[in-house]
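Input: a single structure, listed below in C-alpha cells.
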Amino acid sequence: MSTWIRQHLAALRALLVLTVITGIAYPVAVFVVAQLPGLHDKANGSLIEQDGRIVGSSLIGQAFTDGNGNALAQYFQSRPSASGKGDGYDPTSTSFTNLGPESTLAENPDDAKQSLLTQVCARSKAIGEREGVDGSRPFCTPSGVGAVLAVLGPRDARGGVPHPTRVVSVNETCPAAPFLDTYEGVEVECARIGEDYSAGLIVPIRGDAPADTPVPSDAVVTSASGLDPQISPAYATLQIPRVAKARNLSEADVRAAVAAHTDGRDLGFLGEPRVNVLELNLDLDKTHPVRS
C-alpha cells in the first residue's frame, strides 16, 4: 500500500473518531448534564412563566410600551435597544449602533440614523418629561438634539476659523429655528437636507445644562448586545415615583420591591449593581396589580 493511501486512511479514521467524540458524544454529554436539577432552567433559556404561559427570559430584556411605542406608566422601563426594528430587543438580531463619542452629527438629521449625541439628547429629554425631572444635558439643545455647529470660513495655521463666513446648526433641519441666533457675529442657519458641511469646523456647544443630570447614562444609551435585561439602581430609583403613582402605592413599597430585585456585584467586585426589569415588573403585577 502506498504512503499516500495510508496517510489518507489515517486521516479518514481520525475524522470519524473526532466526529463521534466532538459531534455526538460531547454534545449529548453536555445536554444530559444541563438537564440536572439546578441547571435545567438556565440551560433552557432562563424562561419565566406566569399563569401557565412564557412571558420572557430573565436574560433578555424587553420593552414595556403600548402599541404606539409609548412607555406604560405602571411599568419600569428598560434601557434602549438597537437590536431589530421597533422597540428593539430582538434576540434574532442582536446588534449595537456602532456609534462612538465623536458621532455628533448625522448625514441626514431627519432619518432614523441620527447621531449618537442626538439620540442621547432626545432620550434624555423624553425621560425627563416622563419622570418629572430636568432631562437637559451638556451639548444638547432645548429641543433635544445635538448642539453642534459647522463653522465655515478660511482656516488659520492651527485649523481654526477666526473669521467665520457661515455657521450651520447641523442637527437642526430647516425650517427649525437654530438654538443659537449668532456665533462669532454670524447668524446661525438651520441645516438643509443634501448640503455638505464637511468643510466646516465642527464645534459642539456645551450650553448651561449641569454636568450631573438626574437621567443616568444607561437610560439613554444602548448596551453592546442590545438585549440587557437589567438597568442601574439609579435608573430604577428615578422611575419609582411614576410607578408608585400609577399603581396607587407608596414610594416606600415600590422602593422595597426594587431592592428585592437588585443584584450586587458578582463575587463582590465584578460589574455593577443592577435591577432585573422583567422580574421586577412581574413581581409588581403579582403583588399590586393595576386596577382598570
Side-chain angles (χ1 to χ4, degrees), residues 71 77 79-82 96-224 231-232 234-235 238:
Q77 297 299 308
R79 68 183 302 177
S81 171
F96 50 92
T97 62
N98 204 33
L99 299 176
E102 293 186 358
S103 174
T104 57
L105 62 151
E107 293 181 2
N108 183 348
D110 276 350
D111 67 19
K113 296 181 179 179
Q114 297 172 321
S115 68
L116 177 61
L117 178 60
T118 289
Q119 290 181 25
V120 168
C121 295
R123 289 167 181 160
S124 189
K125 181 177 183 294
I127 291 172
E129 293 172 349
R130 186 175 72 217
E131 308 300 344
V133 298
D134 182 7
S136 62
R137 306 177 87 92
F139 304 106
C140 295
T141 71
S143 62
V145 299
V148 181
L149 304 177
V151 181
L152 296 96
R155 298 291 186 100
D156 59 18
R158 296 183 177 182
V161 183
H163 304 291
T165 58
R166 190 182 180 196
V167 180
V168 180
S169 178
V170 290
N171 285 319
E172 295 180 299
T173 53
C174 297
F179 68 98
L180 281 182
D181 293 330
T182 62
Y183 177 82
E184 298 292 336
V186 178
E187 182 180 0
V188 178
E189 306 173 20
C190 54
R192 301 183 185 279
I193 300 300
E195 286 198 25
D196 182 10
Y197 304 114
S198 59
L201 175 65
I202 299 302
V203 179
I205 305 299
R206 189 192 185 287
D208 55 3
D212 295 327
T213 171
V215 181
S217 59
D218 64 304
V220 295
V221 294
T222 66
S223 64
I231 59 176
S232 67
Y235 188 24
L238 177 65

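None of these values were measured; they are calculated from a predicted model. Throughout, residue positions are numbered sequentially from 1 according to the sequence presented.
By the side chain to side chain donor-acceptor pair (under 3.5 Å) test, S198 is found to be paired with D196, residues two or more places apart in sequence or in another chain being considered. Scored by the side chain to side chain donor-acceptor pair (under 3.5 Å) test, S169 finds E172 as partners (sequence neighbours excluded). The salt bridge (charged side-chain N to carboxylate O under 4.0 Å, His left out) test applied to E129 returns K125, not counting sequence neighbours. Evaluation of the side-chain contact (heavy atoms from CB on, under 4.5 Å) rule for A177 yields no partner, not counting sequence neighbours. R206 pairs by the side chain to side chain donor-acceptor pair (under 3.5 Å) definition with nothing, not counting sequence neighbours. Residues satisfying the side chain to side chain donor-acceptor pair (under 3.5 Å) criterion with S217, sequence neighbours excluded, are absent altogether.
Side chain of T173 to main chain of A191: no donor-acceptor pair is present (N/O by atom type, distance under 3.5 Å, no hydrogens or angles).
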* Decide side chain to side chain contact (heavy atoms under 4.5 Å, CB included) for L238 and Q77; before the verdict, give the C-alpha distance in whole Å, the side-chain angles of both, and the deciding distance to 0.1 Å. => CA-CA 10 Å; L238 177 65; Q77 297 299 308; over 6 Å; no
* Please assess Y197 against L149 for the test side chain to side chain contact (heavy atoms under 4.5 Å, CB included), listing each intermediate value before the final yes or no. => CA-CA 10 Å; Y197 304 114; L149 304 177; over 6 Å; no
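When all heavy atoms of V188 and L180 are compared, the pair lying nearest together is CB-O, 3.3 Å. The two residues P80 and V220 come nearest to each other via the heavy atoms CG-C, 4.0 Å.
Residue pairs that meet the side-chain hydrogen bond (donor to acceptor under 3.5 Å, both in side chains) test with at least one member in residues 139-156, sequence neighbours left out, are T141-S143. Pairs passing the salt bridge (Lys or Arg N to Asp or Glu O under 4.0 Å) check and including a residue from residues 212-222, sequence neighbours excluded, do not occur.
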Side-chain donor-acceptor distances from residues 132-140 under 3.5 Å, at least two apart:
residue: D134; atom: OD1; partner: S136; partner atom: N; Å: 3.1
residue: D134; atom: OD1; partner: S136; partner atom: OG; Å: 2.8
residue: D134; atom: OD2; partner: S136; partner atom: OG; Å: 3.1
residue: R137; atom: NH1; partner: S124; partner atom: OG; Å: 3.2
residue: R137; atom: NH1; partner: V215; partner atom: O; Å: 2.9

Using distance only, find each side-chain donor-acceptor pair of residues 159-168 under 3.5 Å and give its atom names and separation, not counting sequence neighbours.
residue: T165; atom: OG1; partner: L152; partner atom: O; Å: 3.2
residue: R166; atom: NE; partner: E189; partner atom: OE1; Å: 3.0
residue: R166; atom: NE; partner: E189; partner atom: OE2; Å: 3.2
residue: R166; atom: NH2; partner: E189; partner atom: OE1; Å: 3.1
residue: R166; atom: NH2; partner: E195; partner atom: OE1; Å: 3.0

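With values rounded to the nearest 0.5 angstrom, C121 atom SG is found 9.0 Å from L116 atom CG. The distance from atom CZ of R130 to atom CZ of R123, rounded to the nearest 0.5 Å, is 12.0 Å.
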